[in-house]
Undergrad: 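Can you read through this structure? Questions will come right after.
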Amino acid sequence: MAALKSFIEVRPDSHFPIQNLPFGVFKHRPSSLPRPAVAIGDYVLDLSEIALAGLFDGPLLSSSDCFLQPNLNKFLSLGRPAWKEARATLQKLLSSTEPKLRDDASLREKSLLPMSEVEMLLPIVIGDYSDFFSSMHHAKNCGTIFRGPENPINLNWFHLPIAYHGRASSIVISGTDVIRPRGQGPPTGSPPPYFGPSRKLDFELEMAAVVGTGNELGKPVDVNEAGDHIFGLVLMNDWSARDIQAWEYVPLGPFLGKSFITTLSPWIVTLDALEPFTCDAPKQDPPPLPYLAEKSSKNYNISLEVQIKPAGVEESAVVTRTNFNHLYWTITQQLAHHTINGCNLRPGDLLGTGTISGPDPDSYGCLLELTWNGQKPLPLNSNTTRKFLEDGDEVTITGCCKGDGYTVGFGTCTGKILPSNSS
Ligand SMILES: O=C(O)/C=C/C(=O)CC(=O)CC(=O)O
Ligand SMILES: [Ca+2]
Ligand SMILES: [Mg+2]
């Protein structure tokens, strides 16, 4: 079968061919209303214009106002059949053989806008954000660094996807500056504790699942149906202040060391677009309890990379390369576990995977591991090294799946470190 092609020219290395069509929300001018869109090549397709033109003509979407909303929550709440209908309608509309949009100059002008001219916004209203801890390599390395090499991974880790409740109010869109947080760190030598700008500011390479349909309070989601509750994935940087974290986290877990800011990439890549890139999840030993045992346990083959660009330097340095398929606990197990006690998830909730570290030292997902808590400075170029992030550093996460002659990608998730507000 010939590969699906759009009438819009898409560069071969673009993250956004017709096979992808990720969903986002944009503003054309500062005074314009936010509108849902999909990305296609170097353009965004304004879905409000497509809806107003009556082109969502399938049974589930023809009379819906979900694309006239300032966020995607209403569309997400409609569920997988509606997501599939939207994807099929848009793939047909953008294909090279379909004249409806291709040959309508006035609709093209209204609905197709150069990506360089628009501002991307957070695509969802996030009621709740939870962050898992699903990479065994990351768990082992953090355990060794924070608690010593004797028992780096707690026994419970192999029986349940560990998580903590994150902070939704400080989730921001890619491109937002990151102000170095202030807080308490461990005392240096004798008390009192350190107080001031964090001296161990770190990135965390993560992805996050965007919840589509939620569940009723008191009604857990079956692990084999959990996939139908997940709309798609985004890149996520769970910025972490390691000194604040190390001092505060016993016994209740991360708090101010992570709640100061979390950055998301703007385009949600749907699980339908990722379907060709599924692979087997790692074998789980010991086998999980029945409520976490999946008939088919799937991961995704997504290559991930982090770059750091120090202030005043042209070239950014790649500091790690890893893959989503290193995760031990799957996103469907995470979702099923999250609801097993009856907790309800809602459309737009966010489930972070946890830092995605691979087995090799050049595939670790944060500086805590890459520099072993600052003991082994990491070279960025011939005369610059990093133990942790410095003011002016710009951190960019990218990720993509390589298809046969096309790439399904996530774009970028970027943030630049600004000095602490005051000291
Ligand atoms: O091992 C620990 O004490 C915690 C390590 C983390 O930083 C956990 C976290 O944020 C979850 C993750 O990104 O994997
Ligand atoms: Ca994290
Ligand atoms: Mg965070």
Side-chain angles (χ1 to χ4, degrees), residues 126 128-158 160-168 170-172 178 181 183 185-186 198 200-209 233-265 282 304 306 320 322-331 333-334 337-338 350-359 363-374 388-389 395 397 399 413 415:
I126 303 167
D128 278 295
Y129 150 51
S130 308
D131 191 21
F132 283 83
F133 188 43
S134 292
S135 151
M136 186 174 65
H137 309 291
H138 175 67
K140 186 171 173 208
N141 292 332
C142 287
T144 308
I145 293 166
F146 283 137
R147 294 173 286 280
E150 297 75 37
N151 277 310
I153 307 185
N154 259 330
L155 180 64
N156 64 355
W157 192 93
F158 289 97
L160 55 92
I162 302 275
Y164 67 95
H165 285 292
R167 180 81 196 162
S170 53
I171 299 179
V172 299
V178 176
S198 169
K200 290 191 174 180
L201 184 55
D202 201 355
F203 64 82
E204 278 189 335
L205 163 53
E206 297 200 30
M207 295 194 75
L233 295 179
V234 290
L235 302 169
M236 181 169 108
N237 189 337
D238 181 26
W239 306 94
S240 296
R242 300 303 185 185
D243 42 358
I244 299 175
Q245 179 184 354
W247 177 236
E248 75 177 359
Y249 85 108
V250 180
L252 289 186
F255 185 42
L256 302 182
K258 285 167 187 284
S259 63
F260 52 97
I261 201 164
T262 304
T263 307
L264 300 185
S265 58
L304 297 162
V306 179
T320 189
T322 181
N323 196 299
F324 186 87
N325 65 18
H326 291 307
L327 291 175
Y328 183 91
W329 293 104
T330 64
I331 51 174
Q333 288 176 317
Q334 291 169 10
H337 181 66
H338 206 310
L350 200 70
L351 309 186
T353 58
T355 307
I356 305 175
S357 292
S363 64
Y364 293 167
C366 60
L367 287 173
L368 176 75
E369 294 168 82
L370 287 163
T371 71
W372 215 253
N373 202 13
F388 286 97
L389 295 170
V395 180
I397 303 178
C413 176

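Count residues from 1 along the sequence. First listed ligand is number 1; within each ligand, the first listed atom is number 1.
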Undergrad: Can you name the residues that form a ring pair (Phe, Tyr, Trp, His ring centres under 6.0 Å) with Phe146, not counting sequence neighbours?
TA: Tyr249

Undergrad: Can you give me the closest heavy-atom contact between Leu350 and Met236, atom names plus distance?
TA: CD2-SD, 4.1 Å

Undergrad: Donor-acceptor pair, Thr322 side chain versus Leu304 backbone, under 3.5 Å?
TA: no

Undergrad: Identify which protein N/O/S atoms are less than 3.0 Å from the Ca ion (ligand 2).
TA: Asp131 OD2, Glu204 OE1, Glu206 OE2, Asp238 OD2

Undergrad: Okay, side chain of Glu248, backbone of Phe255: is any donor-acceptor separation there less than 3.5 Å?
TA: yes

Undergrad: Any chance CG of Asn151 has more than 12 other-residue heavy atoms, nucleotides or ligands included, within less than 6.0 Å?
TA: no

Undergrad: Say whether, by atom type as modelled, one donor and one acceptor occur between the side chain of Ser198 and the main chain of Lys200 under 3.5 angstrom.
TA: yes

Undergrad: How many angstroms lie between CG in Asp131 and CG in Asp238, if you round to the nearest 0.5 Å?
TA: 4.5 Å

Undergrad: Provide, line by line, the atom pairs where ligand 1 and the protein bring an N/O atom each to a distance under 3.5 Å; else say none.
TA:
from     : atom 1 : to     : atom 2 : distance (Å)
ligand 1 : 1 (O)  : Arg147 : NH2    : 2.9
ligand 1 : 3 (O)  : Arg147 : NH1    : 3.0
ligand 1 : 7 (O)  : Glu204 : OE2    : 3.2
ligand 1 : 7 (O)  : Arg242 : NH1    : 3.1
ligand 1 : 7 (O)  : Gln245 : NE2    : 2.9
ligand 1 : 7 (O)  : Lys258 : NZ     : 3.0
ligand 1 : 10 (O) : Glu204 : OE1    : 3.4
ligand 1 : 10 (O) : Lys258 : NZ     : 2.7
ligand 1 : 13 (O) : Glu204 : OE1    : 3.2
ligand 1 : 13 (O) : Glu206 : OE2    : 3.0
ligand 1 : 13 (O) : Thr355 : N      : 2.9
ligand 1 : 13 (O) : Thr355 : OG1    : 2.7
ligand 1 : 14 (O) : His138 : NE2    : 3.2
ligand 1 : 14 (O) : Thr355 : N      : 3.0

Undergrad: State which residues pass salt bridge (charged side-chain N to carboxylate O under 4.0 Å, His left out) with Asp243; sequence neighbours excluded, sorted by chain then number.
TA: none

Undergrad: Please work out whether the ring planes of Trp372 and Tyr364 are parallel, tilted or perpendicular, with thresholds of 30° and 60°.
TA: tilted

